[in-house]
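Remarks on the structure that follows.
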Amino acid sequence: MMKMCFMWLVLVVSFLQLCTGQDLQTQYLSPHNDARSQVGVGPLVWDDTVAAYAQSYANQRMADCALQHSGGQYGENIFEGQGAEYTPADAVNLWVSEKQYYNYNSNSCAQGQVCGHYTQVVWRNSQKLGCARVKCNNSGIFITCNYDPPGNYVGHKPY
């Protein structure tokens, strides 16, 4: 009887871990794909290889939470926040909020503003997404999302 109870416990824990992992993916994918659908761009899909890259880099930022790009082969958006338990949606919504500064006709940002995070989110050719979140030693939150293939090529419109 004890062995059977243990097997059920293992099954339940495994199921919960699977559900949590998929839910976490959805927390990143949904706001990305909502922004993409608004401009007629197809959805991103979660990619475990890209996510492993994101996790590896996020782990490197745990010591300082520094807003430094990894310089890797993927497109990348990074986020750092202090004083709250920032969620995946908080980071993606911050990047998407740059839409207000992006002028599609001139393919440029409003003077003094940043919009490259937004254009990476909606970059038509990007198909795969992988993201990670860590709590840093300074109590900050670092979130990174990586895109394959990368976007934001100078002189090219995102969609």
Side-chain angles (χ1 to χ4, degrees), residues 13-39 41 43-103 107-154 156 158-159:
V13 169
S14 297
F15 178 75
L16 289 174
Q17 288 174 337
L18 177 65
C19 291
T20 302
Q22 288 176 340
D23 181 53
L24 190 58
Q25 292 172 13
T26 301
Q27 289 178 45
Y28 288 108
L29 280 168
S30 289
H32 273 90
N33 288 335
D34 288 347
R36 292 170 69 85
S37 70
Q38 290 175 17
V39 295
V41 176
L44 295 167
V45 296
W46 189 262
D47 185 88
D48 289 336
T49 301
V50 179
Y53 177 88
Q55 188 65 62
S56 175
Y57 185 64
N59 291 344
Q60 293 175 45
R61 296 273 57 98
M62 285 178 72
D64 58 13
C65 242
L67 277 176
Q68 297 174 359
H69 285 281
S70 68
Q73 72 268 32
Y74 300 115
E76 184 172 73
N77 279 335
I78 54 177
F79 168 94
E80 185 272 334
Q82 297 280 333
E85 288 295 319
Y86 292 99
T87 66
D90 291 328
V92 180
N93 291 335
L94 177 69
W95 302 327
V96 171
S97 74
E98 295 175 359
K99 179 179 183 177
Q100 64 186 314
Y101 305 121
Y102 178 66
N103 182 309
N107 192 31
S108 64
C109 297
Q111 187 171 357
Q113 299 298 329
V114 174
C115 60
H117 303 102
Y118 167 70
T119 55
Q120 177 59 81
V121 167
V122 297
W123 198 264
R124 177 182 307 280
N125 294 337
S126 294
Q127 299 172 354
K128 301 174 186 176
L129 179 70
C131 303
R133 175 188 180 275
V134 294
K135 188 162 197 146
C136 301
N137 295 344
N138 64 2
S139 299
I141 301 294
F142 182 86
I143 297 173
T144 180
C145 284
N146 292 96
Y147 307 83
D148 186 31
N152 282 343
Y153 292 103
V154 175
H156 295 268
Y159 50 89

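Below, all heavy atoms of this structure are taken into account, side chains as well, without hydrogens, waters or symmetry copies. None of these values were measured; they are calculated from a predicted model.
Annotation: side chain to side chain contact (heavy atoms under 4.5 Å, CB included) contacts of A51 (sequence neighbours excluded): W46. Here T49 pairs with D47, Y74 under the side chain to side chain contact (heavy atoms under 4.5 Å, CB included) rule; sequence neighbours left out. Take D34 and apply the side chain to side chain contact (heavy atoms under 4.5 Å, CB included) test, not counting sequence neighbours, and it matches no residue. Residues that satisfy the side-chain hydrogen bond (donor to acceptor under 3.5 Å, both in side chains) test with S108, not counting sequence neighbours, are S106. Taking the ring-ring contact (aromatic ring centres under 6.0 Å, His included) definition, one finds that Y86 meets it with F79, sequence neighbours left out. The side-chain hydrogen bond (donor to acceptor under 3.5 Å, both in side chains) search around D90 returns T87, not counting sequence neighbours. The side chain to side chain contact (heavy atoms under 4.5 Å, CB included) check on N59 picks up Q55, M62, V134, with sequence neighbours excluded. The ring-ring contact (aromatic ring centres under 6.0 Å, His included) search around Y153 returns none, not counting sequence neighbours. Considering only residues two or more places apart in sequence or on other chains, E85 meets the side-chain hydrogen bond (donor to acceptor under 3.5 Å, both in side chains) condition with R133, K135. Shown here are the salt bridge (charged side-chain N to carboxylate O under 4.0 Å, His left out) partners of D64, two or more places apart in sequence or in another chain: R61. For R36, the salt bridge (charged side-chain N to carboxylate O under 4.0 Å, His left out) test picks out no residue, with sequence neighbours left out.
Atom CG of N152 is separated from atom OH of Y118 by 11.5 Å, given to the nearest 0.5 angstrom. Between atom CG of residue N107 and atom NE2 of residue H156 there is a gap of 9.5 Å, rounded to the nearest 0.5 Å. Atom CG in N77 sits 9.5 Å away from atom CG in L94 (nearest 0.5 Å). Of the inter-residue distances, the one linking Q100 atom CD with C109 atom SG reads 11.0 Å to the nearest 0.5 angstrom. The distance from the CG atom of N93 to the CH2 atom of W95 is 10.0 Å, given to the nearest 0.5 Å.
Evaluated for a side-chain contact (heavy atoms from CB on, under 4.5 Å) with L129, the options L44, V121, N33 yield exactly one hit, L44.
The two atoms that bring A132 and A58 nearest to each other are CB-CB, 4.0 Å, heavy atoms only. Taking every heavy atom of both residues into account, P31 and A89 meet most closely at CG-CA, 4.4 Å. Closest non-hydrogen pair, Y28 versus P88, comes out as CE2-CB, 3.3 Å. In this structure, Q73 and Y53 approach most closely via the heavy-atom pair OE1-CE1, 3.8 Å. Residues G130 and V50 share a closest heavy-atom pair of N-CG1, 3.5 Å. Closest approach of G75 to P150, counting heavy atoms only: N-CB, 3.2 Å.
Using the six-membered ring where Trp is involved, Y57 and F142 have ring planes that are perpendicular, over 60° apart on the 30 and 60° scheme.
Not one N or O on the side chain of Q113 forms a donor-acceptor pair closer than 3.5 Å with the backbone of Y101.
At least one side-chain heavy atom of H32 sits less than 4.5 Å from a side-chain heavy atom of C145. A heavy-atom distance below 4.5 Å is not found between the side chains of C65 and N137. In this structure, the side chains of P43 and L29 stay at 4.5 Å or more apart for every pair of heavy atoms.
Pairs engaging residues 123-132 under the side chain to side chain donor-acceptor pair (under 3.5 Å) rule: Q120-S126 [sequence neighbours left out].
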